[in-house]
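Being a predicted model, the structure only gives us computed values, none of them experimental.
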Amino acid sequence: MARRKAPQKRGQGALNVSFESKNDEQSAGEATGRSHCQARRQKMAVHKKRYLKFVVFLLPVVLAGVYSGTSLPVWTMRAKAQKEDLTWASAAEKKMLRNLHTFLTEHTQNLHLLLEEVAQLGVEISSLKKERQELNQAALELASEIYVGRSDWALKSSGATIDMQRTSKTYDCKENWVCRILWFFRTPNPPDTILQPDVSPENCWPLQGHQGQVVIRLPARVHLTAVSVQHIYREVSPSGTVTSAPRDIAVFGVNADREEETLLGMFVYNVEKEAIQTFPLKDTHRAFSHIKLIVESNWGNTAYTCIYRVQVHGKMAKPENLN
C-alpha cells in the first residue's frame with residue numbers, strides 16, 4: 001500500500017509542476033495580450049486625435065466651399081455687372097477725355113489763329129492809321145488846291161464884270177407879240193446874270209440867236225485851269241425842253257493890254273449829263289485878265305440861247321507877274 005502511494009505522490013508532483021508551468025504560461029500570455037491591447041488602444045487614440053484634427057481642419061474648408069458654392073453665382077453676377085459698369089465708365093471717361101482733347105486742340109489752334117489775326121489786325125490798324133494820316137494830309141492839300149484852283153473867279157460879288165462892248169446882244173422878242181406882252185411886265189435878264197449863283201428856272205441870260213459870245217472881265221490876272229457851264233435839267237424846265245442850252249463852246253484867254261486871244265479849249269455841253277459841267281483848259285503858263293466864251297451852237301432853239309451860269313477856275317498870278 002505504501003509503495004503504491006509513493007508513485008502517486010511523484011506523479012502528482014509532476015502534474016502540479018506542469019499545471020503551474022501552464023498557469024505561468026497562461027499568465028504570461030495574458031500579460032502579453034493585455035500589453036497588445038493597450039498598444040492598440042493607444043494607436044486608436046492617436047488615430048482618433050489625428051482624425052479629429054483632420055475633421056476640425058476640413059470642416060471650415062467644407063463650410064467655406066458650401067458658402068462659396070451658394071454665393072458664387074451672385075458674386076459672379078455682381079463682379080460681371082461691376083466690370084461692365086467699370087468698362088462703360090472707363091469708355092465714357094475715355095470718350096470724354098478724347099472729346100476734351102479734341103476740343104482743347106481745336107480751340108488751341110483757333111486761339112493761335114485768333115492771336116495771329118489780332119497781330120495782323122494790329123499791323124493793319126497801324127498801317128491804316130498811317131494811311132489815314134496821309135489821306136488827311138492829302139485831303140487837306142487837295143481841298144486847299146481845289147479851293148484855290150476851283151475858286152470861282154467869275155463871281156460878280158468877287159468883282160467880276162461883263163465887257164458889254166464885246167458881248168452879244170440880249171435876246172429881243174419884238175417879233176413875237178406874245179413874248180412882248182410877257183416881257184412888258186418884266187425886263188430880260190442882263191448878261192451879268194451868269195455871274196451870280198441863282199440858277200432857278202428862267203433866271204438865265206438869253207443871248208440873241210443860236211450863236212453868240214460873252215467876255216468876262218476877271219477881278220485879277222489868273223492862270224486859268226478850267227471853266228464850268230451850267231444849265232437846268234429838263235425836268236424843271238418851264239417849257240419841258242432844254243433846246244436853248246448851249247452845245248458847242250470855245251474858250252479863249254484874253255490879254256486886255258494887247259488884245260491877244262489864246263484858244264484854251266473847245267468842248268460840248270451835253271444836256272443828258274449833269275446840269276453843271278466842268279471842262280479843263282489848256283495850260284499856257286500865262287495869266288489872263290479876261291476870258292471869252294463863244295457859243296457856236298445850241299440844242300435846237302434858233303431864237304435864243306440861255307446860259308444860266310459860268311464859273312472860271314484857276315490860280316491868281318503871283319505879284320511879279322502883275323503889270
Side-chain angles (χ1 to χ4, degrees), residues 150 152 154-156 160-217 224-254 261-282 290-313:
R150 289 297 177 89
D152 186 8
L155 196 61
K156 183 177 181 180
T161 58
I162 300 295
D163 186 345
M164 298 298 296
Q165 294 180 354
R166 291 184 286 186
T167 298
S168 299
K169 293 181 180 180
T170 301
Y171 172 62
D172 185 4
C173 61
K174 291 181 180 179
E175 297 179 357
N176 189 334
W177 65 271
V178 177
C179 179
R180 287 201 304 269
I181 293 174
L182 293 175
W183 281 28
F184 176 80
F185 298 100
R186 53 172 293 185
T187 58
N189 294 322
D192 62 0
T193 302
I194 66 175
L195 306 181
Q196 302 177 59
D198 184 6
V199 290
S200 56
E202 295 185 348
N203 191 39
C204 66
W205 171 55
L207 64 87
Q208 186 76 33
H210 66 282
Q211 292 180 334
Q213 69 178 37
V214 59
V215 177
I216 302 172
R217 184 184 296 110
L224 302 176
T225 57
V227 63
S228 297
V229 178
Q230 187 170 357
H231 198 72
I232 59 173
Y233 291 105
R234 183 182 289 107
E235 290 77 11
V236 297
S237 174
S239 64
T241 65
V242 288
T243 57
S244 64
R247 183 171 181 173
D248 296 302
I249 301 174
V251 178
F252 293 84
V254 180
E261 294 185 358
T262 303
L263 179 63
L264 301 179
M266 299 179 67
F267 51 87
V268 177
Y269 180 88
N270 191 343
V271 293
E272 301 298 331
K273 295 183 179 180
E274 298 296 326
I276 180 169
Q277 299 176 25
T278 301
F279 306 95
L281 301 177
K282 183 173 61 176
H290 293 67
I291 185 172
K292 180 167 73 172
L293 275 77
I294 298 178
V295 178
E296 297 179 348
S297 65
N298 64 16
W299 286 89
N301 192 323
T302 58
Y304 59 90
T305 301
C306 276
I307 302 177
Y308 276 81
R309 189 178 181 188
V310 174
Q311 298 180 62
V312 177
H313 311 294

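Heavy-atom minimum distance, Gln208 versus Tyr171: OE1-CA, 3.2 Å. Of all heavy-atom pairs spanning Ile232 and Pro238, the tightest one is CD1-CD, 4.3 Å. The minimum heavy-atom distance between Gln213 and Arg166, with the atom names listed, is NE2-O, 2.7 Å. Here the shortest heavy-atom pairing between Leu263 and Ala250 reads CD1-CB, 4.5 Å. Nearest heavy-atom pair across Ser228 and His313 is OG-NE2, 2.8 Å. Between Tyr233 and Glu274, the shortest heavy-atom contact is OH-OE1, 2.8 Å.
Here the CD-CG distance, from Gln196 to Asn189, works out to 9.0 Å after rounding to the nearest 0.5 Å. Here the straight-line distance linking atom CD of Glu296 with atom CE of Met266 works out to 4.5 Å at 0.5 Å rounding. To the nearest 0.5 angstrom, Phe252 atom CZ is 13.5 Å from Leu224 atom CG. A distance of 11.0 Å separates CG of Leu293 from OG of Ser168, quoted to the nearest 0.5 Å. Separation of atoms CG (Leu195) and CZ (Arg309) is listed at 9.0 Å; rounding is to 0.5 Å. For the atom pair Lys282 NZ and Thr225 OG1, the distance stands at 15.0 Å (nearest 0.5 Å).
Under the side-chain contact (heavy atoms from CB on, under 4.5 Å) criterion, Gln211 pairs with no residue, sequence neighbours left out.
Side-chain contact check for Tyr304 versus His210: every heavy-atom pair is 4.5 Å or farther apart. Within the 4.5 Å cutoff, the side chain of Val227 has heavy atoms near those of the Phe267 side chain. The closest side-chain heavy-atom distance from Lys292 to Glu261 is below 4.5 Å. Between Thr241 and Trp299 there is no side-chain heavy-atom pair separated by less than 4.5 Å. In this structure the side chain of Val214 reaches within 4.5 angstrom of the side chain of Trp205, judged on heavy atoms.
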Test Leu207 against Thr170 for side-chain contact (heavy atoms from CB on, under 4.5 Å), laying out the working first. CA-CA 5 Å; Leu207 64 87; Thr170 301; over 6 Å; no
Please walk me through it: do Met164 and Arg217 pass side-chain contact (heavy atoms from CB on, under 4.5 Å)? CA-CA 10 Å; Met164 298 298 296; Arg217 184 184 296 110; over 6 Å; no
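In this structure, the side chain of Thr167 engages the main chain of Val215 through a donor-acceptor pair within 3.5 Å. In terms of modelled atom types and a separation under 3.5 Å, the side chain of Asp152 and the main chain of Val312 share a donor-acceptor contact.
Counting heavy-atom neighbours within 6.0 Å of Tyr269 OH, excluding the residue itself, gives a total above 12.
Classified by interplanar angle (parallel below 30°, tilted 30° to 60°, perpendicular above 60°), the ring pair His231/Tyr308 is perpendicular.
Put simply, the residue from Ile307, Ile276, Ile194 that forms a side-chain contact (heavy atoms from CB on, under 4.5 Å) with Gln230 is Ile276.
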